[in-house]
Colleague: 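This structure is in structure tokens; I'll ask about it shortly.
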Amino acid sequence: HLDVEVRDENGLRLPARITIGRCMPECAVDADCSGDGARVCDPAERRCVPAGGCSADSDCDPDESCDLASSQCVCDGRYQLPTELGGHWPVDGVTERHYVSPDGDEFELPAGVYELIASRGIEYSIDRQYVRLTSGKHTRVIAHVERVIDTTGFISADFHVHGSNSPDSAVPTARRVMSFAGEGVELLTGTDHDVLTDYQPMLRSLGLEPWMTTQTGVESSPLMLSHFLGFPMNIDVTQPQQMPSSSRFDWYARDAKAI
């Protein structure tokens with residue numbers, strides 16, 4: 001049982017993303033591993049490995065073991081058929097991803113050693129740490145991320161967002177809002193296809209208003225012409241598709257000129 005919360009450099013708890021796995025990629029070049037040359041980057045696995053091979057498990061990362069026959073650090077399941085081909089091992093080593101609220105969250109995982117990565121979008125650092133889970137016990141992790149990009153005078157925004165009200169999205173409203181908060185987005189613009197969606201009530205119920213806000217928009221989608229985004233828009237929950245009658249336009253079966 002794993003309990004996780006994420007805090008910033010001031011100790012403030014934050015919405016964030018948690019990625020959990022084993023033998024996840026960690027490098028692109030040798031400099032990503034160590035400055036003394038003791039560990040180098042395996043370009044095929046994108047993992048940091050001992051430069052001269054291993055002779056004991058302690059030479060490897062905690063989620064790996066040393067194969068004495070080959071002097072290579074290996075990970076259980078690494079050479080199994082990946083999930084993308086019908087197997088049980090994700091090709092990138094990731095087993096679970098979660099967006100956690102400022103209050104933290106808890107997850108059930110099989111006992112074992114995992115790597116946990118806490119992140120919050122491109123404006124923050126990441127925190128990588130190893131976690132050993134024991135059957136029947138709770139393990140608490142407090143991860144820390146720091147703001148590394150000064151965005152004073154700017155906001156992080158997305159002006160084209162779909163949720164479960166759109167026919168091309170199956171993401172529930174709560175998960176959609178939580179995912180944007182966890183990635184550090186500060187303005188979410190709902191633009192579901194031909195229906196107005198107000199994400200603010202869900203934002204409020206999740207306690208995320210200190211970190212982001214929303215506006216209502218639409219993606220008008222006449223099949224015979226093209227798709228058009230519009231925002232911000234007033235919303236009227238008493239009307240079909242929550243669109244005020246003064247701004248509602250029925251494009252169905254109309255030609256491009258009429259639209």
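Here, residue 1 is the first one in the sequence, and each next residue gets the next number. Since we're looking at a predicted model, the values are computed, not measured.
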Colleague: Does a donor on one side chain and an acceptor on the other come within less than 3.5 Å for Y114 and D63?
Modeller: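 No - no donor-acceptor pair under 3.5 Å links their side chains.
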Colleague: Between R17 and E183, is the closest basic N to carboxylate O distance under 4.0 Å?
Modeller: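 Salt bridge between E183 and R17, a charged N being under 4.0 Å from a carboxylate O: yes.
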Colleague: Any non-hydrogen side-chain atom of M233 less than 4.5 Å from a side-chain atom of L196?
Modeller: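 Yes. Closest side-chain heavy atoms under 4.5 Å.
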Colleague: When clusters are formed by joining ILVMFWY residues with side-chain heavy atoms under 4.5 Å apart, either directly or through shared neighbours, do M24 and V49 land in the same one?
Modeller: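 Not linked; separate clusters.
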Colleague: Name the one of V161, L203, L208 that satisfies side-chain contact (heavy atoms from CB on, under 4.5 Å) with L188?
Modeller: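 Filter result, single survivor: V161.
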Colleague: Would you kindly say whether E9 and H144 are connected by a side-chain donor-acceptor distance under 3.5 Å?
Modeller: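 Not at all, the side chains of E9 and H144 share no donor-acceptor pair under 3.5 Å.
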Colleague: Evaluate the criterion side chain to side chain donor-acceptor pair (under 3.5 Å) for residue pair S101 and D103; output intermediate values, then yes/no.
Modeller: CA-CA 5 Å; S101 74; D103 294 329; 4.7 Å; no
Colleague: Does a side chain donor of either S71 or D67 reach within less than 3.5 Å of an acceptor in the other side chain?
Modeller: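 The criterion, which ignores hydrogens and geometry beyond distance, is not satisfied for D67 and S71.
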Colleague: Within the 3.5 Å criterion, strictly below it, is a donor on D168 or H193 matched to an acceptor on the partner's side chain?
Modeller: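 A pair is found: one side chain offers a donor N or O, the other an acceptor, under 3.5 Å apart.
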Colleague: Please tell me if the side chains of W211 and P102 come closer than 4.5 Å, counting only heavy atoms from C-beta onward.
Modeller: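 The answer is yes, as the side chains (C-beta and beyond) meet within the 4.5 Å cut-off.
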Colleague: We want to know whether Y199 and Q215 form a side-chain donor-acceptor pair, criterion being a heavy-atom distance below 3.5 angstrom.
Modeller: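 Per modelled atom types, Y199 and Q215 side chains form no pair under 3.5 Å.
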Colleague: Centre-to-centre under 6.0 Å for F159 and F231, is that the case here?
Modeller: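 Yes.
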Colleague: Say whether, by atom type as modelled, one donor and one acceptor occur between the side chain of T139 and the main chain of L133 under 3.5 angstrom.
Modeller: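 Answer holds: no.
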Colleague: Would R39 and D61 pass as an ion pair if we require N to O under 4.0 Å?
Modeller: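 Between D61 and R39 there is a salt bridge, with a charged N closer than 4.0 Å to a carboxylate O.
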Colleague: Decide, yes or no, whether a salt bridge links R13 with D8 under the criterion of side-chain N to carboxylate O below 4.0 Å.
Modeller: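 So R13 does not pair with D8 through a salt bridge.
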Colleague: Is there a side-chain contact between I18 and R97, using heavy atoms and a 4.5 Å cut-off?
Modeller: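 Result no, sub-4.5 Å side-chain heavy-atom pair not found.
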Colleague: Verify the distance criterion only: is there a donor paired with an acceptor across the side chains of D57 and S65 at less than 3.5 Å?
Modeller: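 Per modelled atom types, D57 and S65 side chains form no pair under 3.5 Å.
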Colleague: Other residues, nucleotides and ligands only: do more than 12 of their heavy atoms fall within 6.0 Å of CG on N234?
Modeller: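 It does not: N234 CG has 12 such atoms or fewer within range.
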Colleague: Do E106 and H138 get their side chains close enough for a donor-acceptor pair, meaning under 3.5 Å?
Modeller: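 Side-chain D/A pair, E106 to H138: absent.
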Colleague: Once you find the SG atom in C73 and the one in C66, is the distance between them below 2.5 Å?
Modeller: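 No, because the SG atoms of C73 and C66 are not under 2.5 Å apart, which misses the disulfide cut-off.
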Colleague: What about V218 and M202, same hydrophobic cluster or not, with Ile/Leu/Val/Met/Phe/Trp/Tyr joined at side-chain heavy-atom distances under 4.5 Å?
Modeller: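 No, because V218 and M202 fall into different hydrophobic clusters, even though each may have its own neighbours under 4.5 Å.
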Colleague: Using a 6.0 Å cut-off, check whether atom CZ of R132 has over 12 heavy atoms from anything other than its own residue.
Modeller: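 Not more than 12 within 6.0 Å, no.
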Colleague: Salt bridge check: are R47 and E64 linked by an N-O gap of less than 4.0 Å?
Modeller: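 Yes, this pair counts.
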Colleague: Is it the case that the side chain of D30 and the backbone of C41 share a donor-acceptor pair, with hydrogens and angles ignored and the cut-off at 3.5 Å?
Modeller: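 Yes; at least one donor-acceptor contact below 3.5 Å.
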Colleague: Do the side chains of L187 and S156 get nearer than 4.5 Å, heavy atoms only?
Modeller: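 No, side chains not in contact.
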Colleague: More than 12 foreign heavy atoms under 6.0 Å from CG of L229: is that the case here?
Modeller: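 Above 12, so yes.
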Colleague: Is the number of heavy atoms from other residues, nucleotides or ligands under 6.0 Å of R175 CZ greater than 12?
Modeller: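 Counting other residues, nucleotides and ligands, CZ of R175 stays at 12 neighbours or fewer.
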Colleague: Within the 3.5 Å criterion, strictly below it, is a donor on Q200 or T214 matched to an acceptor on the partner's side chain?
Modeller: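 Checked: Q200/T214 side chains pair up, N/O donor to acceptor below 3.5 Å.
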